[in-house]
Enquirer: 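Handing you this structure, nothing more for now.
No hydrogens, no waters, no symmetry mates; every other heavy atom, side chains included, goes into these values.
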Amino acid sequence: MKDILQIIALLLGFLACGSAVLSLHNYSWKVSSDDDSVIITSDIFENLWMSCAVDSTGTFNCWNFQSMLALPGYIQACRALMITSIVLGTFGLVATLVGMQCSKIGGENYVMKGRIAGAGGVFFILQGLCTMIAVSWYAFNITQEFFDPLYPGIKYEIGEGLYIGWSSATMALFGGSSLLCSCGLRSTEEKKSYSYQPQSSHTVQTVSATSNIPSSQYGLNAYVQETY
C-alpha cells in the first residue's frame, strides 16, 4: 500500500510540475472580453510575460512587456510565485525518487528514505500553494476589473492558462498529501529494521556465587590452637 501511494504521488508531482511550466508559458492567462462589443476587430491575450493580439485576418502578433518595474505589483508577485513553484516541484520530484521504498537510489536505509519522502511531500504541498495563490490572485484582479463599472480599460476574462494552473496546484496538493500519508505506513523492510534492536551496552553480567568462593572452605573452628 505504501509503494502504491508513493508511485501515485510521484506521478501527480510530475504532472503538477509539468503543468506549472505549461501554465507559465501559456500566453492566454486572460482574454479580452466580447461583452457589449458590437464590432470586434481583434482579440487580445495576455500572460505574465507578454501581450498578444489576433486581428480579423488571422494575423498574430506578440510583444513582451518592456519594463518589469512598470508592471502592476500583483503580476510581479505572480511571476515570483510561479517560478518558486516550479523550483519546489523539482525538489519534490528529486526527494520522492530518493525516498521511495521501491527505489534503490540512496541506499537501503528505509527509515531515512521515509523521512526524505516526507520532505518531498512538503515540497509538493508548498508548490501547490504557490501555484494556487498565483493563479487565484491573477484571476481575482481579472474579475475585479470586469465587474467594475468605472474601469476605463479593456475588460478581460479568465484564460486557459489559469485553468491549467489550478489543475497543477490540485495535483501537487494531492501528491504531497499522498506522500505524507505514506509516511505513516510502515513497509516490510521498515518493520524488519525496527524489529532489529542491538544489545544494550548496559547488560548486567551475573556471576555465580560459587565462582567467588574458594574451592575449599573451612569453618572458624577448623583449627584449634591449644595454648598451654
Enquirer: Roughly how far, to the nearest 0.5 Å, is the CG atom of Leu162 from the OG1 atom of Thr131?
Expert: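 Taking OG1 in Thr131 and CG in Leu162, the distance rounds to 12.0 Å.
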
Enquirer: Quick one: closest heavy-atom pair of Ala134 and Met82, and the distance?
Expert: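 Shortest heavy-atom separation between Ala134 and Met82 comes out as CB-SD, 3.8 Å.
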
Enquirer: For Ile116 and Ala95, which heavy atoms make the closest approach, and how far apart are they?
Expert: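 Looks like CG2-O, 3.4 Å.
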
Enquirer: Work out which heavy atom in Ala20 is nearest to a heavy atom in Gln127; give both atom names and the distance.
Expert: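 For Ala20 and Gln127, the tightest heavy-atom pair comes out as CB-NE2, 4.3 Å.
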
Enquirer: Do Met50 and Ile142 share a hydrophobic cluster, counting only Ile, Leu, Val, Met, Phe, Trp and Tyr and linking them when any side-chain heavy atoms are less than 4.5 Å apart?
Expert: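 Hydrophobic grouping puts Met50 apart from Ile142.
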
Enquirer: Backbone N or O of Val54 within a donor-acceptor pair of the Asp43 side chain at under 3.5 Å?
Expert: no

Enquirer: Please report the interatomic distance CD(Glu160) to CG(Leu22), rounded to the nearest 0.5 Å.
Expert: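 Separation between the atoms: 8.5 Å.
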
Enquirer: Look up atom OG in Ser51 and atom CG in Asn61, then write down how far apart they are to the nearest 0.5 Å.
Expert: 10.5 Å

Enquirer: Using only atom types and a distance under 3.5 Å, with no angle test, would you say the side chain of Glu145 pairs donor to acceptor with the backbone of Thr143?
Expert: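 No; judged by distance alone, with no hydrogens or angles, the pair does not exist.
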
Enquirer: What pairs meet the ring-ring contact (aromatic ring centres under 6.0 Å, His included) rule with one or both residues in residues 148-170, with sequence neighbours excluded?
Expert: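 Listed by first then second residue: Tyr163-Trp166.
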
Enquirer: Do you reckon Leu24 sits in the same ILVMFWY cluster as Met132, going by side-chain contacts under 4.5 Å, direct or chained?
Expert: yes

Enquirer: Using 30° and 60° as the class boundaries, would you call the ring planes of Tyr74 and Trp137 parallel, tilted or perpendicular?
Expert: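 Tyr74 and Trp137: tilted rings.
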
Enquirer: Please report the shortest heavy-atom distance between Leu179 and Ala9, naming the atom on each side.
Expert: CG-CB, 3.5 Å

Enquirer: Give me the atom names and distance for the closest heavy-atom approach of Trp49 to Ile83.
Expert: CH2-CD1, 4.3 Å

Enquirer: For the pair Ser23 (side chain) and Gly161 (backbone), establish whether a donor and an acceptor sit closer than 3.5 Å, ignoring hydrogens and angles.
Expert: yes

Enquirer: Taking the side chain from Lys30 and the backbone from Glu46, do they hold a donor-acceptor pair closer than 3.5 Å?
Expert: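 Pair absent, no side-chain N/O of Lys30 close to backbone of Glu46.
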
Enquirer: Return the SG to CD1 distance between Cys181 and Ile8, rounded to the nearest 0.5 Å.
Expert: 11.0 Å

Enquirer: Determine, using the 4.5 Å side-chain heavy-atom cutoff (strictly less than), whether Leu180 and Phe123 are members of one ILVMFWY cluster.
Expert: yes

Enquirer: What pair of heavy atoms forms the shortest contact from Ile164 to Ser19, and how long is it?
Expert: CG2-O, 3.5 Å

Enquirer: Going by the angle between their ring planes, with limits at 30° and 60°, are Trp29 and Tyr138 parallel, tilted or perpendicular?
Expert: perpendicular

Enquirer: Who are the side chain to side chain contact (heavy atoms under 4.5 Å, CB included) partners of Leu11, not counting sequence neighbours?
Expert: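 Checked Leu11 against side chain to side chain contact (heavy atoms under 4.5 Å, CB included); matches are Ile7.
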
Enquirer: Backbone N or O of Ile44 within a donor-acceptor pair of the Ser32 side chain at under 3.5 Å?
Expert: yes

Enquirer: Is the backbone of Ile133 close enough, under 3.5 Å, to the side chain of Ser136 for a donor and an acceptor to pair up by distance?
Expert: no

Enquirer: Is there a path from Ile154 to Leu48 through hydrophobic residues (I, L, V, M, F, W, Y) whose side chains come within less than 4.5 Å of each other?
Expert: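 Shared cluster, yes.
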
Enquirer: Out of curiosity, does Tyr27 fall in the hydrophobic cluster containing Val31 (side-chain heavy atoms, cut-off under 4.5 Å, transitive links)?
Expert: yes

Enquirer: I'd like to know whether CD1 of Ile4 has more than 12 heavy-atom contacts from other residues, nucleotides or ligands below 6.0 angstrom.
Expert: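 It does not: Ile4 CD1 has 12 such atoms or fewer within range.
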
Enquirer: When rounded to the nearest 0.5 angstrom, what distance separates OG in Ser178 from CG in Leu173?
Expert: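 Spacing of OG (Ser178) from CG (Leu173) equals 10.5 Å.
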
Enquirer: Mind checking the CG-CG spacing from Leu81 to Leu129? Nearest 0.5 Å is all I need.
Expert: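 Leu81 CG to Leu129 CG: 10.5 Å, rounded to 0.5 Å.
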
Enquirer: Sub-3.5 Å donor-acceptor pair from the side chain of Gln6 to the main-chain atoms of Thr96, do we have one?
Expert: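 Checking the backbone N and O of Thr96 against the side chain of Gln6, no donor-acceptor pair under 3.5 Å is found.
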
Enquirer: Show your working on side-chain contact (heavy atoms from CB on, under 4.5 Å) between Leu97 and Leu10 and close with a plain yes or no.
Expert: CA-CA 8 Å; Leu97 285 173; Leu10 179 64; 3.8 Å; yes

